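Please read all numbers here as calculations on a predicted model, not as lab measurements. Below, read A as the first sequence line, B as the second, and so on, with proteins coming before strands; counting in each chain starts at 1.
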There are 2 protein chains.
Amino acid sequence: MDSKTKNRPQTLPEGARPTLKTIAFMTGLGITTVSRALKDAPDIGAETKERVRLVAKQIGYQPNRAGVRLRTGKTNVISLVLTLEEEIMGITSPMVVGITEILAGTPYHLVVTPYSAVKDALAPIRYILDTGAADGVIISRTEPHDPRVALLTERGLPFVTHGRTEMGIVHPYHDFDNERFAYEAVRKLVARGRRKLVLLEPPPHLTFYSHMRAGFERGLRDFQADAVSFHQTNIDHSLVEIRDAFEVLMRSADAPDGIVSGSGSGAIALIAGLEMAKKKLGEDCDMVSKSPSDFLRWLRPEVMTMYEDIRIAGRELAKAVIGHIDGQPPETLQSLSQPEFQPPITRGLRA
Amino acid sequence: MDSKTKNRPQTLPEGARPTLKTIAFMTGLGITTVSRALKDAPDIGAETKERVRLVAKQIGYQPNRAGVRLRTGKTNVISLVLTLEEEIMGITSPMVVGITEILAGTPYHLVVTPYSAVKDALAPIRYILDTGAADGVIISRTEPHDPRVALLTERGLPFVTHGRTEMGIVHPYHDFDNERFAYEAVRKLVARGRRKLVLLEPPPHLTFYSHMRAGFERGLRDFQADAVSFHQTNIDHSLVEIRDAFEVLMRSADAPDGIVSGSGSGAIALIAGLEMAKKKLGEDCDMVSKSPSDFLRWLRPEVMTMYEDIRIAGRELAKAVIGHIDGQPPETLQSLSQPEFQPPITRGLRA
DNA sequence: CTTCAAATCTGTAACGATACAGTTGTGATG
DNA sequence: CATCACAACTGTATCGTTACAGATTTGAAG
């Protein structure tokens with residue numbers, strides 16, 4: 001046998017999915033040549049590349065992920081790391097949709113890697129690092145000093161955070177501008193004549209807690225309103241807990257006349273507490289709420305909502321991880337989405 | 001060199017993740033022996049197995065997924081196939097949570113494979129089949145004659161459906177008993193003195209359309225109520241479309257006094273339409289709605305809801321695909337979740 | 001007619017795991 | 001003391017891909 005064609009396949013299995021070997025056989029080229037032709041390497045002739053590409057397309061060649069992964073370590077996987085607990089109000093759905101919309105145009109697959117917040121948030125990160133399970137990671141619920149960010153940075157695995165950190169590490173992120181949300185919320189409430197305001201805040205250990213508080217307090221100063229203290233519960237508590245704590249507050253002498261709710265589901269509980277205290281939303285009290293979905297606007301149009309578009313967040317996050325993987329500088333992969341008040345649902349027919 | 005130890009590794013890279021080779025080196029055994037010891041093969045000595053297992057555990061060995069996948073074709077992946085469009089009301093979140101809860105105890109990863117319903121629902125299935133991307137598939141929104149089920153069955157790829165089919169193929173499924181839901185809904189409404197009932201139904205091409213209709217009609221017969229025709233919209237239409245169509249109906253002479261809503265978000269739109277027609281829920285009209293989340297119960301306690309626990313559905317689906325992969329007969333992997341009316345939210349303090 | 005560089009193509013080895021077909025050693029059997 | 005069954009272990013080839021180090025051809029320069 002000619003040594004030049006020593007490694008050429010003799011027979012090919014019928015009906016199996018095509019590999020480089022298949023194309024090598026069909027074009028009469030070597031496997032290496034085919035591989036390099038498909039990656040547009042400079043040492044392959046233009047006409048050869050064309051031929052290879054044509055055949056590859058014809059037979060529907062798609063590189064075997066396991067082969068690539070074994071040889072190169074490239075997984076073509078983006079891992080979305082989630083707490084099982086945070087997902088109750090359904091933030092995941094639009095997020096997953098947004099991410100997959102972007103990944104659809106790439107070779108990346110989305111793998112969901114959950115963890116129980118009760119346990120160690122670092123566990124899934126370690127797993128991914130130790131097993132090389134992904135090329136990039138998306139994490140959320142960031143803390144000012146987030147050990148996950150430290151670890152990922154140290155080990156050089158590309159990632160993006162939903163939320164910022166404060167640890168002097170420049171990394172890709174997407175965030176909702178919670179400072180401005182709270183600030184604008186206060187402005188709106190004061191414009192309605194409200195002066196005693198309360199904030200249903202995020203849990204204190206998360207970064208956006210201080211953002212939201214800062215915006216709230218800046219608003220109070222700029223628009224001259226007072227804060228009513230309400231630290232008994234936060235948006236991570238159960239709806240029943242929030243409701244009951246808020247009922248107590250609303251029955252007290254210190255009852256607020258304006259509410260800023262840091263979450264859409266929290267708003268539901270606040271409304272319930274308020275009504276149990278025999279107050280009426282829109283009369284005794286106004287409310288501005290962050291809202292990732294539509295139901296508040298439909299069912300409680302008297303609540304003023306600022307929409308947090310989680311789907312767009314998902315798209316931004318996906319673009320940012322991929323950018324990071326592709327070596328773009330982290331400072332170019334940071335974005336902040338600006339809150340805007342939602343218009344009321346159109347009330348007329350044929351809206 | 002001794003031929004018996006010809007393939008033994010001489011040196012091992014520092015700090016790299018352990019492989020079978022590492023264990024082989026440390027135990028002084030051959031790679032094959034280590035591999036077989038870890039799978040508890042019958043031709044390996046008990047003491048050897050014990051030693052290998054101990055070392056593997058010590059150094060934190062985890063099989064390289066790419067290696068396994070390349071050699072055996074086993075991907076250890078379950079693919080959740082979703083329409084981008086259906087996800088608006090957030091059914092995905094609890095579903096993903098439920099699935100991952102089950103997968104956490106297994107070697108399986110969850111990969112989300114989206115498709116645009118506008119295009120071909122078969123496309124993602126074909127992709128998975130052609131590229132061998134998963135060991136099992138979870139699909140939803142089944143039709144009576146579902147080409148995806150036909151294709152997956154024909155090609156022998158394990159799967160489970162969220163929803164049933166009617167094509168004479170016995171396959172794993174999990175479903176919500178929509179027939180009973182509608183039947184019980186009618187019973188409840190009639191018990192409240194309602195006699196002119198309307199159904200906001202699923203889109204006609206999906207299997208559970210006929211289930212829900214059948215239950216509705218059986219209820220009408222058994223409890224002697226009348227149907228008000230309302231086929232202008234279904235739960236897949238936009239909230240605005242549903243609202244406007246329903247307002248027209250409520251203003252007509254034929255206005256119903258009882259509503260059965262096949263979806264929680266649809267219920268929102270119905271309420272809006274009803275109120276635009278100057279009717280009052282709980283007085284002019286009662287409503288029973290299916291609901292995958294809590295917000296209706298909180299915000300509109302006058303709506304009677306039957307909870308569809310999507311998280312549990314996710315768990316059932318995950319268990320069923322894995323069972324199918326493991327070769328359990330399909331007929332043992334079918335389950336139906338029974339609707340139950342939800343109790344009202346407790347109104348007292350310290351509930 | 002060498003020589004040599006550039007252009008184009010190629011074989012081999014390796015990634016980590018496993019199927020398969022051995023090999024070795026032990027002790028029982030005749 | 002052969003023979004043989006059996007237990008315990010092992011080497012080789014392979015999955016599909018790519019890095020690397022050649023190999024071959026061509027044509028221009030000397």
Base, backbone or nothing for each nucleotide of nucleotides 18-23 of chain C, written B, S, -, heavy atoms under 4.0 angstrom, 5' to 3'? BBB---
Do B/Ile312 and B/Ile310 come close enough that some side-chain heavy atom pair is under 4.5 Å?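 Answer no - side chains too far apart.
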Tell me, do B/Arg164 and B/Val149 make a side-chain contact under 4.5 Å, heavy atoms counted?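 Side-chain contact under 4.5 Å: no.
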Between the opening five pairs and the closing five pairs of the helix from C/dC1-D/dG30 to C/dG30-D/dC1, how far apart are the helix axes, to 10°?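 Roughly 80°, once rounded to the nearest ten degrees.
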For the residue pair A/Asp135 / A/Thr75, report whether a side-chain donor-acceptor contact shorter than 3.5 Å exists.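 A pair is found: one side chain offers a donor N or O, the other an acceptor, under 3.5 Å apart.
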Considering only residues two or more places apart or on different chains, which pairs with a residue in residues 317-326 of chain B satisfy salt bridge (Lys or Arg N to Asp or Glu O under 4.0 Å)?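 Residue pairs passing salt bridge (Lys or Arg N to Asp or Glu O under 4.0 Å), neighbours aside: B/Glu316-B/Lys319.
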Can you tell me the distance, in whole Å, between the [atom1] atom of [X] and the [atom2] atom of [N]?
X: A/Gln62; N: D/dG16; atom1: CD; atom2: C1'; value: 14 Å
X: B/Arg17; N: C/dC15; atom1: CZ; atom2: C1'; value: 12 Å
X: B/Glu47; N: D/dC9; atom1: CD; atom2: C1'; value: 14 Å

To the nearest 0.5 angstrom, please state how far the NE2 atom of B/His171 sits from the NE2 atom of B/His324.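 Those atoms lie 10.0 Å apart.
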Between B/Arg148 and B/Glu143, does at least one N-O distance fall below 4.0 Å, as a salt bridge requires?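 B/Glu143 and B/Arg148: not salt-bridged.
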Does the side chain to side chain donor-acceptor pair (under 3.5 Å) test come out yes or no for A/Thr142 and A/Thr161, once each step is laid out? CA-CA 7 Å; A/Thr142 50; A/Thr161 59; 5.3 Å; no
Out of B/Asp130, B/Ile125, B/Ile128, which one pairs with B/Arg155 under the side chain to side chain contact (heavy atoms under 4.5 Å, CB included) rule?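 Among the candidates, only B/Asp130 passes.
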